[in-house]
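Working notes, structure below.
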Number of protein chains: 2
Amino acid sequence: MQSTPATTEERAAPAAARVGGCGAPPRRHPRPDGQDRYTISEVAAFTGLSAHTLRWYERIGLMPHIDRSHTGQRRYSNRDLDWLDLVGKLRLTGMPVADMVRYAELVREGESTYGERYELLAATRRNVLARITELQDTLAVLDQKIGFYADAGCPREAGNTR
Amino acid sequence: MQSTPATTEERAAPAAARVGGCGAPPRRHPRPDGQDRYTISEVAAFTGLSAHTLRWYERIGLMPHIDRSHTGQRRYSNRDLDWLDLVGKLRLTGMPVADMVRYAELVREGESTYGERYELLAATRRNVLARITELQDTLAVLDQKIGFYADAGCPREAGNTR
DNA sequence: CGCTTGCTTGGAGCGCGCTCGAAGGTCCTA
DNA sequence: TAGGACCTTCGAGCGCGCTCCAAGCAAGCG
């Protein structure tokens with residue numbers, strides 16, 4: 001964890017070095033680097049988020065700085081899309097937006113925050129595991145009740161709360 | 001699905017027929033039937049819900065009619081506790097309160113709604129399965145990133161959005 | 001040129017699921 | 001009989017995560 005000029009990670013990436021290294025996730029149909037300057041509505045269509053939400057994410061600090069066209073319109077890169085992908089995943093875990101913002105800050109602060117990022121993700125992982133367990137638990141209850149209704153009966157023993 | 005006078009299920013249950021039949025869930029330390037007249041704060045302590053929330057549940061129609069003492073104070077039964085247990089589980093699945101209210105209505109309407117209840121629970125079940133899949137998916141992403149931070153490196157190939 | 005379409009901003013509004021407050025009645029113990 | 005804990009109702013308020021609106025600028029087309 002030596003401190004380095006930072007920023008390196010979010011921005012940059014020398015064009016074409018992007019696909020496949022160290023676990024870059026497979027993605028739908030991004031444009032090749034160099035033409036990856038999506039408008040906000042393209043990104044909205046792509047991610048399923050509304051343009052409103054995309055701007056809001058930016059305002060609250062959940063996004064890295066987004067490039068602009070010469071007239072000031074947002075131009076999202078493939079990298080930004082990757083980030084939104086991660087954000088989407090984290091959102092599914094039920095992680096509060098505030099925590100994601102925190103993570104985004106850590107990323108902006110550079111390599112010196114690796115430890116803290118690790119902690120944050122590890123904690124999230126634990127939550128996800130717990131959630132999965134809860135859900136499986138619930139599934140069991142659900143299956144039991146569904147079973148009851150399926151053979152619409154168990155006529156004696158009305159003591160079950162349906 | 002012949003229509004029957006209804007109500008039978010939520011209220012009643014001939015005392016002592018309650019435990020173990022047709023999948024009654026194991027529970028913590030309920031009082032024997034006959035003394036199961038809990039105050040709202042007992043139920044709050046028991047379920048982890050606030051008394052405010054319990055009253056609110058009642059107002060919105062999520063609870064069956066709750067017994068009252070001669071002076072009008074709520075007295076919850078073991079059966080009510082069971083129902084709250086189910087509600088808690090459904091809540092964990094992310095089911096909207098409105099849907100739970102719908103389910104509660106169906107229960108109040110009696111046996112003639114078995115089919116609809118089945119559908120509702122089956123749909124919920126499908127949602128839960130989907131959620132579990134999503135979470136496992138997210139877990140994979142998380143593990144990948146955690147792995148990256150764990151061996152704090154993969155120094156070439158900076159193309160990953162952290 | 002005017003028109004449409006799509007983008008910009010800041011700020012207000014909304015739906016959900018609670019959460020709390022005020023004002024008053026009841027229960028329990030001493 | 002007094003005091004305090006706990007209960008009642010109704011309605012307002014809150015935090016989260018968006019969602020929408022108004023007013024205005026820029027580009028492209030007939």
Side-chain angles (χ1 to χ4, degrees), chain A residues 36-63 65-77 80 83-104 124 127 131 134 138, chain B residues 35-63 65-77 80 83-105 124 127 131 134 138:
Chain A
D36 59 337
R37 294 175 56 75
Y38 312 96
T39 66
I40 198 167
S41 56
E42 284 171 326
V43 176
F46 200 67
T47 60
L49 297 167
S50 74
H52 285 302
T53 301
L54 288 169
R55 292 192 201 99
W56 180 69
Y57 276 4
E58 211 176 319
R59 272 196 290 191
I60 64 174
L62 186 50
M63 296 298 294
H65 177 76
I66 302 293
D67 242 34
R68 297 295 177 124
S69 73
H70 69 107
T71 54
Q73 297 190 186
R74 287 170 183 81
R75 292 293 180 263
Y76 291 80
S77 69
D80 298 326
W83 176 256
L84 282 170
D85 221 77
L86 174 60
V87 165
K89 288 269 192 292
L90 293 181
R91 209 174 35 140
L92 285 179
T93 70
M95 180 188 261
V97 166
D99 290 5
M100 291 191 253
V101 169
R102 175 71 190 134
Y103 185 72
T124 302
N127 286 341
R131 286 285 293 127
E134 277 176 359
T138 300
Chain B
Q35 289 113 288
D36 58 337
R37 294 175 56 75
Y38 311 97
T39 66
I40 198 166
S41 56
E42 283 171 325
V43 175
F46 201 66
T47 61
L49 298 166
S50 73
H52 284 303
T53 300
L54 288 169
R55 291 191 202 100
W56 180 69
Y57 277 4
E58 211 175 320
R59 272 195 292 192
I60 64 174
L62 185 50
M63 297 298 294
H65 176 75
I66 302 291
D67 242 35
R68 300 293 179 125
S69 73
H70 70 108
T71 54
Q73 296 190 186
R74 287 170 183 79
R75 291 293 180 263
Y76 291 80
S77 67
D80 298 326
W83 175 256
L84 282 170
D85 221 76
L86 174 60
V87 165
K89 287 269 191 292
L90 293 180
R91 209 175 37 138
L92 285 178
T93 71
M95 181 188 261
V97 167
D99 290 6
M100 289 192 254
V101 170
R102 174 73 189 133
Y103 185 72
E105 280 165 4
T124 302
N127 287 341
R131 287 285 294 125
E134 278 175 358
T138 300

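Chain letters run A, B, ... following the sequence lines, proteins first and then strands; every chain starts at 1.
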**Complete:** The side-chain hydrogen bond (donor to acceptor under 3.5 Å, both in side chains) partners of R102(B) (sequence neighbours excluded) come to E105(B), E116(B)
**Prompt:** Given side chains that start at C-beta, do those of T124(A) and Y103(A) come closer than 4.5 Å, heavy atoms only?
**Reply:** no
**Item:** Spacing between W56(A) atom CH2 and dA12(C) atom P, to the nearest angstrom
**Value:** 17 Å
**Prompt:** Roughly, in whole Å, what's the span from CZ in R91(B) to C1' in dC16(C)?
**Reply:** 13 Å
**Item:** Euclidean distance, atom CG of residue L90(B) to atom P of dG17(C) [Å, nearest integer]
**Value:** 13 Å
**Request:** Tell me what T39(A) touches on the nucleic acid: a base, only sugar-phosphate, or nothing, going by heavy atoms under 4.0 Å.
**Result:** sugar-phosphate
**Prompt:** More 5' along DNA chain C: V97(B) or R75(B), using each one's nearest nucleotide?
**Reply:** V97(B)
**Complete:** Heavy-atom closest pair (R37(A) atom, S69(A) atom, distance to 0.1 Å) is NH2-CA, 3.9 Å
**Asked** Under 4.0 Å between a side-chain N/O of R74(B) and OP1 or OP2 of dT9(D), yes or no?
**Response** yes
**Request:** Grab the NE2-P distance between H52(A) and dC7(C) for me, whole Å please.
**Result:** 11 Å
**Asked** Is the shortest side-chain N/O distance from R68(A) to OP1 or OP2 of dT9(C) below 4.0 Å?
**Response** yes
**Message:** From CE of M100(A) over to C1' of dC16(D), roughly how many Å is that when rounded to an integer?
**Reply:** 11 Å
**Asked** What distance separates R75(A) CZ from D67(A) CG, expressed to the nearest 0.5 Å?
**Response** 9.5 Å
**Request:** Ignoring the backbone of T53(B), work out which of dT19(C), dC18(D), dC7(C) is nearest its side chain.
**Result:** dT19(C)
**Item:** Audit row: E58(A), R55(A), salt bridge (charged side-chain N to carboxylate O under 4.0 Å, His left out) steps and yes/no
**Value:** CA-CA 5 Å; E58(A) 211 176 319; R55(A) 292 192 201 99; over 6 Å; no
**Message:** If you compare every side-chain N and O of Y57(A) against the phosphate oxygens of dG17(D) (OP1, OP2), does one of them come in below 4.0 Å?
**Reply:** no
**Item:** Among dT19(D), dT8(D), dT8(C), the one nearest I40(A) by side-chain distance
**Value:** dT8(C)
**Asked** Do D80(A) and S77(A) get their side chains close enough for a donor-acceptor pair, meaning under 3.5 Å?
**Response** yes
**Request:** Measure the shortest side-chain to side-chain distance between Y57(A) and L49(A) over non-hydrogen atoms and say whether it is less than 4.5 angstrom.
**Result:** yes
**Prompt:** Taking CD from E42(A) and C1' from dC7(C), how many angstroms apart are they, rounded to a whole number?
**Reply:** 13 Å
**Request:** For residues E42(B) and T39(B), report the shortest heavy-atom separation together with the two atoms involved.
**Result:** OE1-N, 2.7 Å
**Prompt:** Less than 3.5 Å between a donor and an acceptor, one on the side chain of R59(B) and one on the base of dG11(D), is that the case here?
**Reply:** yes
**Prompt:** To the nearest Å, how far apart are L54(A) CG and dG17(D) P?
**Reply:** 16 Å
**Complete:** Between G61(A) and A104(A), the two heavy atoms sitting closest are O-CB, 3.6 Å
**Prompt:** What is the minimum heavy-atom distance between L54(A) and I40(A), and which atoms define it?
**Reply:** CD1-O, 3.7 Å
**Request:** Would you please confirm or rule out a distance under 4.0 Å between OP1 or OP2 of dC18(C) and any side-chain N or O of S50(B)?
**Result:** no
**Fill in**
From CG of L62(B) across to P of dC16(C) the rounded distance in Å is 15 Å
**Message:** At under 4.0 Å between heavy atoms, how does the protein contact nucleotides 23-29 of chain D? Give one character per nucleotide, 5' to 3', with B, S or -.
**Reply:** ---SS--
**Divergence of helical axes at both termini of the helix from dC1(C)-dG30(D) to dA30(C)-dT1(D) - five pairs an end, 10° steps** = 10°
**Asked** OP1 or OP2 of dT8(D) sitting under 4.0 Å from any side-chain N/O of R55(B)?
**Response** yes
